[in-house]
Amino acid sequence: MSALRRPIPRYAHGSRVPPGWDEAADLTKEPSPVPDPATTEVPATLREEIEGHMALYPDSRSATLPALEAAQRVHGWCSPEAIEQVACVMRLTPAYLVSVASFYDMLETSPVGKHSVYVCTNISCSLRGADELYGAVRTAAGDDPEFNVRAFECLGACDIAPMASVDGAYVGPLSIEDVPRLLDDVRAGREVLPEKQLARRPCADAEASA
Amino acid sequence: MPRPQARTITFTIDGLEVQAPENAMLVDAAKHGDVEIPVFCYEPKLGQPVGACRMCLVEIEGIPKLQTGCSTPVKDGMVVHTQSERVKEAQNAVVEFLLINHPLDCPVCDKGGECPLQDITFGWGKGTSRFIEPKRHFVKPLELSPTIAIDRERCILCYRCVRFSQEISEDYQLVLQERGAHSYVSTFDGHPYVAPFSGNIVELCPVGALTSRAYRFRARPWDIEDSGSVCTLCPAQCNVTLTVRDERVMRVLARQHPEVDDGWLCDRGRFAYPRLGGDERVSEPLLRDGGELRPVSWERALEEAAAGLKRAGARTGALVGGQATNEEGFLLARLMREGLDSPHIDSRVAGTLPLELQRELGDPSLQAHVSDLEFAHAVLLLDTEPIEDAAILDLRLRKGVRRHGMKLVRASSEELLNKQAAGELVKTLKAAGEEIVVLWHERLTAGPKGAEAARALLDLATTLSLAGAENSGLLEIPAQSNGRGLREAGVLPNASPGLGAPADTGNAAEGLDALGIADALIKGELSAVYLLGVDPLEDSSSLPVWSRSHSPWEQQRPLWEQALERASTVVAHATFLTEGIREHANVVLPAGAYAEKEGTIVHPDGRIQRLRPAVARLGSTRAEWQVLAELAERIGLDLEVRNGMAASQQLFDAVPFYAGLTLEEIGGKGIRWAQRETAAGVASS
Amino acid sequence: MKLLFDRIDEPGLNTLPVYEARGGYESLRKALAMPPEAVLNELEASGLRGRGGAGFAMGKKVSFLPKGAMDKYLVCNADESEPGTFKDRELMQKSPHMLIEGLIIASYAAGANRSFIYIRGEYVLQADMLDAALHEAREQGYVGENILASGHSLSLVVHRGAGAYICGEETGLLDSLEGKRGNPRLKPPFPANQGLYQGPTLINNVETLATVPTIMRMGGDQYAKLGVETSTGTKLVSVSGHVQRPGNYEIELGIPSREIIYGLAGGPPEGREVKCWFPGGSSSPVLTADELDVPYDFNSLAEVRSMLGSGAIIVVDDSTPILDVALKVAKFYRHESCGKCTPCREGTNWTVKMLERIDSGEATPMDLEIMASVQEHIMGNCLCVLGDAMAMPISSMIVKFREEFEAHMQAAQARARADLGVADAALTAADALSAEGAAAHA
Amino acid sequence: MWTPGDDMLAVQRGPEPGGAGGAYRAFGETLRGLKTTFARIAEGPHTIQYPEEKVPVYPRFRGRHKLHRFEDTKLEKCVGCSLCAAACPADCIRVVAAENTPENRVSAGERYAAVYEINLSRCIFCGYCEVACPFDAITMGHDYELSDYSRSDLIFTKEMLLAEPLERAPLRTEDE
C-alpha cells in the first residue's frame, strides 16, 4: 500500500473520532444529580472502603482516585453503575467523577479484560524492542476477553526494558520468546515469569549492592 | 463584609500612562487606557482566572517570560507592552493553534458575525495557517439538552461552560472528559444537561460550539436588532436584551446589571420567549357568544365589558396579576375607585396586611440591596426557596457563600413566631457577623398569623439593628413579579397610591382582598370581576420543566373555580387564553406580553425599572393604558391618559415617594426610589 | 561514595528493625532535638538542590513557606513518570524508611503537620512497601501525634495516582491530590503560599527528601563538600536505552558524563556508537556524542543548553533513526498533555502529525521549518512546562540532526513515489484486464 | 497666477467671413458629420426591434440573479448564511434559514435557506452578493427583462431564482 494512499487512522472503537465525541445526550434521560442514597445500592465492602479513604483527608473529595480505583476493582471498569455508587457514597455528581476517571490512564471508561498487561512502549523500552514485544503480546492474547493488553507510556522501569506490568507486577527484560509463558502464567494464576520479576532484581550499581 | 475598595494606581501600557484600580487584572486595567487584550477563557463573572487559552499574553518589563494578562494583577509603575513583536508573535501563534481544529464553517455557524474567535482571528491572527493536515470532522450538531445543541468540532476548550456548571450554578453536570487534544465537553453517561441556569453557557461560549436550539439558524447578527428590557416572568426582574427579527423576539440574552442579576439569566427567562408569540396568545378581542368565545371588534368588546361593569357598579371586584405594570394597576385602581366606586381591588396573593405593617416593611432604611446578599456576613432565608421564588438570587447567594464565606441560614415563619427558636436564630445570625440580610417571601405574611409574623419580622430587624446598616436589611420576594410595584401604585384594597390611607382616594372604605372577592362572588355580593393579566386557575404543569412557573394563586384555585362560575360578568384582560379564561370569561381583551409593553415595574429592592416595547403588538392588541382609558370613558370617567408616558406621569404624581421621577431618570438601569430624596414620603404618607 | 544507595540490597532493609539497626531514625532524633530553624539552616547549608527536575534549592523552598500557626502541608512527589527515570522507584522499594524519615524531618523544619506521598498508581509494589513501612513507623511513634515527645505532630498518607504524567507537575499533583483532574494551576500563587487545600504547601521529590536524613547525619557543611560548588552532593542517575548495563547509579555530581555512560553503564552495545543522549529525561534537549565529556551537574549541563532534570540518561545509538526518537517523544507528550492550555494541547498534536508526515514521505523541507517554528511558539507560552518538555528536545533534534531529518524525508518521498508507481502500474494493469474482459464479453 | 499680458493664448482664426471660407465655416462641420452618415449607409439599419430582437450582453453583464444547485446531487448550494444580505448595499435580500433534517435535505450543509427573496425593484445590480457568497450559490445572470405590473411581483422568491429563466438574454460573442 502506498504511503500516499495509507488507510485513514482509526481509534480502537472503530471510529475516526475519539470515543465520546460523536455522542449526543439522550433527551429521554433525566439529569443526573448526586445519586439518592435511598435508591442507589452500594456493596457494603465498597462503601466501607470508600468511606475509609474519605476519612484520611481533610477534604473528603481527595479520596476520589482511591474510591474510583476501588470501584473499578469491584466492577472491572468505571461503569456508569460503578460511578454512580462512588458518587452516592462521596456525595458528588457522577459527571464530576466520570470527568476525573477519564483523565487518568489507569481508570477504564469502557469494559476491559480482567488481567491487565501494560507493555511500556516509551522511548527507553522502544529502543530495546518494546514495539515488537507489544505486537507479539497482542497477537498472542488475540481476542481473549480475559486480557486487557495496552501499550503504556513510561512505567518507570527502563532498567528492565523492554518490560510489562502484568496485573501490577513489573517483569522484564522480556523477549518475544517469553510472551507465551507470560500469558500462560497469567491464565494459570501463577506468579508471572518469576525470574524476571522486578521485585527480585538487585541494584545495577555494583558498589551499592556490595 | 466590607466590599473591596481598590486604590487607583498608574501604570504604563504601550507607552501610555493609564490609571486603573490596583490589583485589577491587566486585561481589565488595559481597558482604562483603551487597550484591548484579546481573551477567550477569561470571564470575570466566572471567578478566578484559569489562564488556559494563552490568548492574552503580554510583555511586562522585568519579567523574562510573557505573562497572561488575565491573571496578572496590575501594580503601580508596571510597564506593559501589548504591541511588541514578541507579543504579536505569541498572539499569532495562539490563534494559529486554536484554528488548527476549528472548522471553517462560519457561514453556517450561528455565532458567525458575533463570534469572539472571528474577531480575534481578524484582529490578532496572522491571517494564514500552516496547518495542512486534515481537520477532524464528525457528527454535528448533537443535543446536549432539550434547549442546547453542542458542536464539538468548534469547541476551543476554553473551559467557560464547565466552569459555569461547576463554579457558578454549582450543579457539576457539565464536565470535561478525557484529556489533552481528546478532551471534550460532555455530561455523565449521556444524561442531558438540564439545570435551572443551563442557558447561560450558550452566551458564555466564545465560539459556536454551544448554541440555543430554539435560536438555531433563526437569524444572523446583521438581521437583528437588540432591545433592552426587563424580564417580568418572576420577581427577580432580570435585565434582558431581546433579539428581534421581523417583529418577533428571537432570543433573550442577559443584560448585565450588578444590582439585579449579576449578568446571569435563568432558563425560564431565556427560553420561554417562543410562548410570548405562540398560539396560546389572545390576539383579538373575544366575546362569549352561545357558550363559546368568538372574535369581535374592539368597539363591541369594550361596549360589552363596560356594560357588564357598569351593571355591577360597586359590586365589581378586580384582581391584578404580577405581569401588569405599575401604570396598568394604577389606572385600573382609578377605574375601580373613581369610575365604579368599588374599593375591591387586590394584587397581593397573601391577603391584606394592615397598612401600618406594610409601610414599616417598606421603610427605605430597612431595604437591602440585591448585592448585599453577596457581601453580608449572613443571610436568613425566611419561608423562601430562592431557586423557585426568584431563581437568579440563588446564584447570588451561592456566590456569597463561595467567594465571601457568607453564612446561609434557613428558617420558617413558625420558628420566627416561636420565642425560643427566634432567640436561637438571632444568636446564630449574630455569631456570623453584624451584616445580615433577611430574604423573606410574601407567603410569610399570609394566613391568619400573617400580621403577627410580619410584626415578628420587624422585631427581628430591630433586634439585629438592620435599619440603615451597611450590607444589611430586609428583602422581600413578592409572590408576583411586580408585586411590590402594584402595591406602591395602590393596587390594594386598603391603600391608596404610595401606601396612603384609602381615604386619599375619596373612598374611605376598605375593600375586599383577593380571597374576599372570591368569597363575595360566590355569595353573590359581588357580581362582576375584572382580571388584569391574571388567571387564578392557571395550571403550569403542562409546560416544559425549564419554563414551568408556579402560579401564586394555586392554593386559592378551588375557591376561584366557584367564584368565576358564579360571577355574572368576568372581564379578562389577558395575554394568554388559559383555562380559567377560556372557561369563564365573558369578554376577553387582549393584552401584550412584556416584550410589547411600555411602563414601569418595581424590583423587590425598590428599584423602579422600565419596560420598553421591543416588538409590535400581536394582532389587534392595544396598549393596556389605552384599553383602560377607553373602558373608563364608556363607564363615564375620563382618566386623562392620552399616551403611555402620560400614564407614567400620572403615577409618579400620585405616589408621594415617586414625586418628580421621570422616565429618563429611570433609564436603562432603573433607580431605587429609596435612594432618592423623596424616599421620606413613605413614612409621612 | 554511596549515601542513598549504601548497601541498598541488604535483605529486609525495607523493614524497620533492619533500618534501625543501620542507624535509621537517628537523624530524626537528632533533628527533633534541634529547633526547626536549626534544621532549616542545615538544609540550606547543604546546598541540596531538588532532585525532581527543576533543581531548585531545597532549603530555600522550605524557607518560602509563611511562618505562623496554620495548616501547612508537605507533599512528597513520588509520581515519577518522566521517561527514563526510575530512581525513586528503587529507593521506595528498597529503603522506604529513608524517605519517611526524611519527610518527617522536612515537615519539622517546615512546620507542616499534614503530609502526603503522592505515588504514581503504576508503582503497586512500591506503594505497598511504603504503606507497610508507614504502618511500622506509626507503630513506633515516628509518625503521629507528638513524635518522640518533641511536640511535633505529623499525619502521613500514601496517596496513589492513577496514571497521568502531568500529575508529576507540582500544581497538577495538588489538583489530583484534591481529587480533581490533574490540571496544572496558574502560578502565581505558588504552592508555598496557596497550595493544597489553599494552604501553604511544600512539595519535594522522593530523592530530595530521602537525602535529608543523610544531611542531618553528616551535617549540611559536610554534605556541601561533595559534588561541585553549585551542585552539591550525590545524585541517583537512571541510565537506560542503548547501554549494556542499564540501571540506577549513585554518582557524585560533577563527574564527566562519559564516565557514567561508558564507565558505569558500559556504553552502547558492541560495534555501535552513541548518536545522541538525553541527559535528564526525555524532556531535556538532546546532546550528541561530542558532548559526552560535559561534567554531569546542574550548571554544566545548562551551559550546553540542556539540563540535568531528573537525572535520567537515555542513550540512543546510531542504529536508530532520529525521526523515530522524535516521534516517540512527541507522541508521549501528546498523550500526556492535559489539554488545559492551547499551545501545548494543539502544538503537541500538530508536531506529531508533522513528524508522521515526514515518515510517510508527504513532507517537504518547509515542514521542518514549520516544525521548528511551532516548537518556538510552544516554548514559554504554556501554562506549565509540559509543552516546553516536548518543544525543547524536538527543537534540539531539529538543530542537531537537520541533515538526517532531510535525508529521511527524501528517502521517504522516494519510497512513497516508488510505491505509488507500483500501485499505478498495478492499476493500469487491472484496467487493461477489465478492458479485455469487457471486450471478451462483447 | 494668471497675468493677462504674459499668458496670452494665440488663437488660430479661419478665413475672414464671406466667400468660400464663409461657406466652410457655415457648413463645414455639418458636412463632416454627414460624411460619417453617408459612409455608414452601406451597413444598413442599426435599430434593434425590441422585444422581437434582444440586445446581446457581455459575458460579465450583471443581470437578474440565479441560485444554483449542485449538478450531481441536485441539492441547493445556498446554505442560508445570509452573507449576501449583509453585503447588499440596497438591503434587498432577505434570507430566513432553517435546519436540514434527514427527511428533508435541501442543501449540502447543516442549514438551508427556507426563504430567500430578492427585491429586484430595489436591487442595484452591484454584484456584491455574488462576491460575498462563500459557496458560489448565487450568481448574476444575463437576464435584464425585469419589468412587471406590480411591485410585489418583483420580489423574487427562492423558487423563481432557482428556476431557469423563461427566455435567455443572448450573449455577445467575443468579437461583437
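It should be emphasised that the depicted structure is a prediction, and the values quoted were computed from it without experimental measurement. Letters A, B, ... mirror the listed sequences (proteins, then strands); counts begin at 1.
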Next item on the list: Go through C341(C), G182(C), P184(C) and name the one with the most non-hydrogen pairs under 4.5 angstrom from chain B.
Entry: C341(C)

Notebook entry, point to check: Out of curiosity, K340(C) NZ to C41(B) SG, how far, rounded to the nearest 0.5 Å?
Noted result: 8.5 Å

Notebook entry, point to check: Has K45(B) got more than 12 heavy atoms of other residues, nucleotides or ligands less than 6.0 Å from its NZ?
Noted result: yes

Checklist line | Top contributor to chain C contacts, counting heavy-atom pairs under 4.5 Å, from P64(B), C158(B), C53(B) | finding: C53(B)

Notebook entry, point to check: Counting heavy-atom pairs under 4.5 Å to chain B, which of L386(C), I378(C), L186(C), I370(C) comes out on top?
Noted result: L186(C)

Check: Measuring heavy-atom distances to chain C, does P134(B) have an atom under 4.5 Å in its side chain, in its backbone, in both, or in neither?
Finding: backbone

Checklist line | Interchain contact, F131(B) with chain C, by part (heavy-atom threshold 4.5 Å) | finding: both

Item checked: Contacts of residues 343-355 of chain C with chain B (heavy atom under 4.5 Å) -> P343(C), R345(C), E346(C), G347(C), N349(C), W350(C), K353(C), M354(C)

Notebook entry, point to check: Does atom CZ of F56(C) have more than 12 heavy-atom neighbours from other groups under 6.0 Å away?
Noted result: yes

Next item on the list: Kindly check if the number of other-residue, nucleotide or ligand heavy atoms within 6.0 Å of CD (Q48(B)) is above 12?
Entry: no

Notebook entry, point to check: Taking P188(C), C382(C), G380(C) one by one, which has the highest count of heavy-atom pairs under 4.5 Å against chain B?
Noted result: C382(C)

Next item on the list: Against chain B, label E376(C) side chain, backbone, both or neither, depending on which of its atoms sit under 4.5 Å from a heavy atom there.
Entry: neither

Margin query: How close do I132(B) and R357(C) get, counting heavy atoms only, and between which atoms?
Written below: CD1-NH1, 3.3 Å

Next item on the list: Grab the two heavy atoms, one from S183(B) and one from C338(C), that are nearest each other, plus how far apart they are.
Entry: OG-O, 4.0 Å

Check: Counting only heavy atoms not in K60(C), do more than 12 sit closer than 6.0 Å to its NZ atom?
Finding: no

Note to self: Looking at T342(C), is its backbone amide N or carbonyl O close enough to the side chain of R54(B) to form a donor-acceptor pair, meaning the two atoms are under 3.5 Å apart?
What the structure shows: no

Checklist line | Residue-level contacts of residues 87-104 of chain B with chain C, using a heavy-atom cutoff under 4.5 Å | finding: E89(B), A90(B), A93(B), V94(B), E96(B), F97(B), L98(B), I100(B), N101(B)

Notebook entry, point to check: Mind checking whether R179(B) and H335(C) have side chains closer than 4.5 Å, heavy atoms only?
Noted result: yes

Next item on the list: Return the option, out of E336(C), R334(C), R185(C), R181(C), with the maximum number of heavy-atom pairs under 4.5 Å with chain B.
Entry: R181(C)

Note to self: Taking CZ in R305(C) as the centre, count heavy atoms belonging to other residues, nucleotides or ligands within less than 6.0 Å. Is the count above 12?
What the structure shows: no

Notebook entry, point to check: Are the side chain of R130(B) and the backbone of M371(C) linked by a donor-acceptor contact shorter than 3.5 Å?
Noted result: no

Notebook entry, point to check: Where on L57(B) is there a heavy atom nearer than 4.5 Å to chain C: the side chain, the backbone, both, or neither?
Noted result: side chain

